[in-house]
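Each chain gets a letter, A, B and so on, in the order its sequence line appears, and its residues count up from 1.
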There are 2 protein chains.
Amino acid sequence: MNSIETARWLSERDNFLIITHRRPDGDTLGCAAGLVQGLKEAGKTAFILFNSEATARYLPYVQKHWAPDGYKPSYIIAVDIASPGLFPGNWQSDGSDIALCIDHHPSNTGYAQATCLDIEKASCGEIIYEILSALSGRISAITAAALYVAVSTDTGCFAYSNTNAGAHHVAGALVDAGAPIGEINKAIFRTKAKSRILIEAMIITGMEFYYDGAVAIATITCDMMKNAGASENEMDDIAAISNSIEGVIAGITIRELTGPGDCKVSIRTTPLVNANLLASKFGGGGHVTASGFSLNASAEG
Amino acid sequence: MNSIETARWLSERDNFLIITHRRPDGDTLGCAAGLVQGLKEAGKTAFILFNSEATARYLPYVQKHWAPDGYKPSYIIAVDIASPGLFPGNWQSDGSDIALCIDHHPSNTGYAQATCLDIEKASCGEIIYEILSALSGRISAITAAALYVAVSTDTGCFAYSNTNAGAHHVAGALVDAGAPIGEINKAIFRTKAKSRILIEAMIITGMEFYYDGAVAIATITCDMMKNAGASENEMDDIAAISNSIEGVIAGITIRELTGPGDCKVSIRTTPLVNANLLASKFGGGGHVTASGFSLNASAEG
């Protein structure tokens with residue numbers, strides 16, 4: 001279904017439960033918050049399935065919409081979930097019980113009874129924006145805030161390579177609708193956890209450079225994480241640091257997982273260097289500019 | 001003049017020289033590059049006055065348009081320059097020789113013979129976009145790239161508090177026109193100089209926290225800069241680091257300028273704390289959330 005058909009589908013039904021994916025990011029949570037808010041404003045009953053992994057940053061958008069105990073929905077809607085394997089721990093199914101899936105991932109398996117898929121969109125939030133615009137002709141400031149969270153996080157505040165014209169056009173429309181982007185940007189993009197900023201400093205301080213600065217090797221040990229007070233939550237995209245330095249064409253990050261002898265190696269490159277080819281020599285793989293492999297050796301020395 | 005009137009003004013004239021401000025940023029240089037490109041595509045003769053302070057990052061956009069020796073322009077245009085005091089070293093005047101000034105700063109002194117000022121715009125680049133759209137009805141991909149540099153840098157890639165709906169709408173239009181934003185974002189927003197990343201790590205490593213992490217004090221000595229290989233070029237907005245940490249409501253950065261005993265103290269706060277009031281107690285001042293003062297004492301201890 002396209003956005004218009006999906007809006008009609010929603011308008012003809014009621015009593016929805018929206019589910020978000022495991023390890024939820026700003027896109028799935030912002031989509032759920034925006035959709036539930038828009039549906040309620042359209043006079044519908046809708047809630048979000050509790051997701052125990054939602055982080056503090058996004059809780060204000062979703063927790064007020066958690067489904068109460070005993071809520072019996074008529075239709076289950078999955079947002080930004082490419083496959084049943086990504087369902088949260090409290091919703092284990094093969095996906096055939098999902099009445100509608102709204103998604104932008106090319107890898108969507110088509111598990112739901114109906115699917116609104118648009119792989120041209122940088123974020124799923126842009127699809128929800130189209131659907132709600134068609135459903136009620138307007139977007140409230142509260143809905144706009146949630147959808148801005150979705151669009152801005154999935155595009156890395158419009159800096160990631162997936163950012164396109166549509167993402168900017170929708171962002172502009174959301175600001176017009178009253179999304180408080182100053183506050184949101186400060187909280188999400190201009191603030192880092194103390195433990196994250198400390199582990200980053202440790203990684204950079206210990207970084208080694210080779211071939212006139214073209215290759216950077218970063219090492220992350222369990223001890224470093226302990227000293228920085230960093231948990232897995234703060235390690236998101238940490239391997240990108242080595243490759244964000246001017247002149248580096250191959251950034252290699254060696255990270256201890258459980259302790260010495262159990263390491264993950266991440267390779268991030270510019271398109272000049274094939275990271276996948278390098279990783280495959282060590283039994284790993286991935287993409288041309290982002291690959292990895294496992295290493296049973298000490299991270300240090 | 002508004003954008004439409006400015007487009008007409010340009011269409012009726014020819015032989016332009018565009019000047020950019022001292023310590024030029026992405027907005028002034030992107031504006032100059034976009035305007036000169038758009039004028040050339042409209043059949044006009046136009047060049048940019050050489051600016052010796054243009055940094056490597058922005059040179060590719062402007063250096064191909066530097067005015068040749070002996071070029072005799074009929075009209076001088078200043079872009080993104082609020083006052084004659086900001087003219088570059090090779091253009092010293094009281095501003096009365098400037099035929100047209102295009103700007104978005106509320107502090108614009110009105111020095112030019114004609115002024116196109118729009119203080120609602122987040123960047124001057126958005127005004128140039130409007131003018132060129134009115135002048136020729138279309139924006140080429142080369143012009144769009146330069147104007148995207150202007151818009152994106154002045155909004156901190158759409159994360160600064162000045163970002164508004166118009167900035168996103170123009171960015172969307174520039175992408176539609178062919179601006180290669182993936183490349184530009186990677187080069188400008190997802191790459192840091194090695195010396196910058198090293199000095200940041202040193203600052204964070206040495207940072208002290210007080211009042212349960214509500215106050216952060218960062219110290220930057222000349223020795224640290226020397227060890228990181230950092231020059232003044234890499235110190236842009238360095239005081240923002242302390243205030244970008246979760247939980248910090250007042251970030252204080254003490255920075256040695258020439259050596260021990262000659263320090264600048266920068267205070268960055270959330271609106272909860274009045275930085276201006278604090279700085280004024282030490283003979284300084286500024287804004288509510290960003291202030292500073294001079295300190296004749298050692299940065300350390």
From the list A201(A), A159(A), G156(A), the residue making the most non-hydrogen contacts under 4.5 Å with chain B is A159(A)

Under 4.5 Å to a heavy atom of chain A? For I181(B) that would be side chain

Under 3.5 Å, what donor-acceptor pairs does chain A form with chain B?
| from | atom 1 | to | atom 2 | distance (Å) |
| --- | --- | --- | --- | --- |
| F158(A) | O | N185(B) | ND2 | 3.1 |
| H168(A) | ND1 | H168(B) | ND1 | 3.0 |
| H169(A) | NE2 | D176(B) | OD2 | 2.8 |
| D176(A) | OD2 | H169(B) | NE2 | 2.8 |
| N185(A) | ND2 | F158(B) | O | 3.1 |
| K186(A) | NZ | N243(B) | O | 3.1 |
| K192(A) | N | S244(B) | O | 2.6 |
| K192(A) | O | E246(B) | N | 2.7 |
| N243(A) | O | K186(B) | NZ | 3.2 |
| S244(A) | O | K192(B) | N | 2.6 |
| E246(A) | N | K192(B) | O | 2.7 |

Whatever's closer than 4.5 Å to a heavy atom in chain B on I197(A) counts as both

Of A179(B), A187(B), A171(B), the largest count of non-hydrogen pairs under 4.5 angstrom with chain A goes to A171(B)

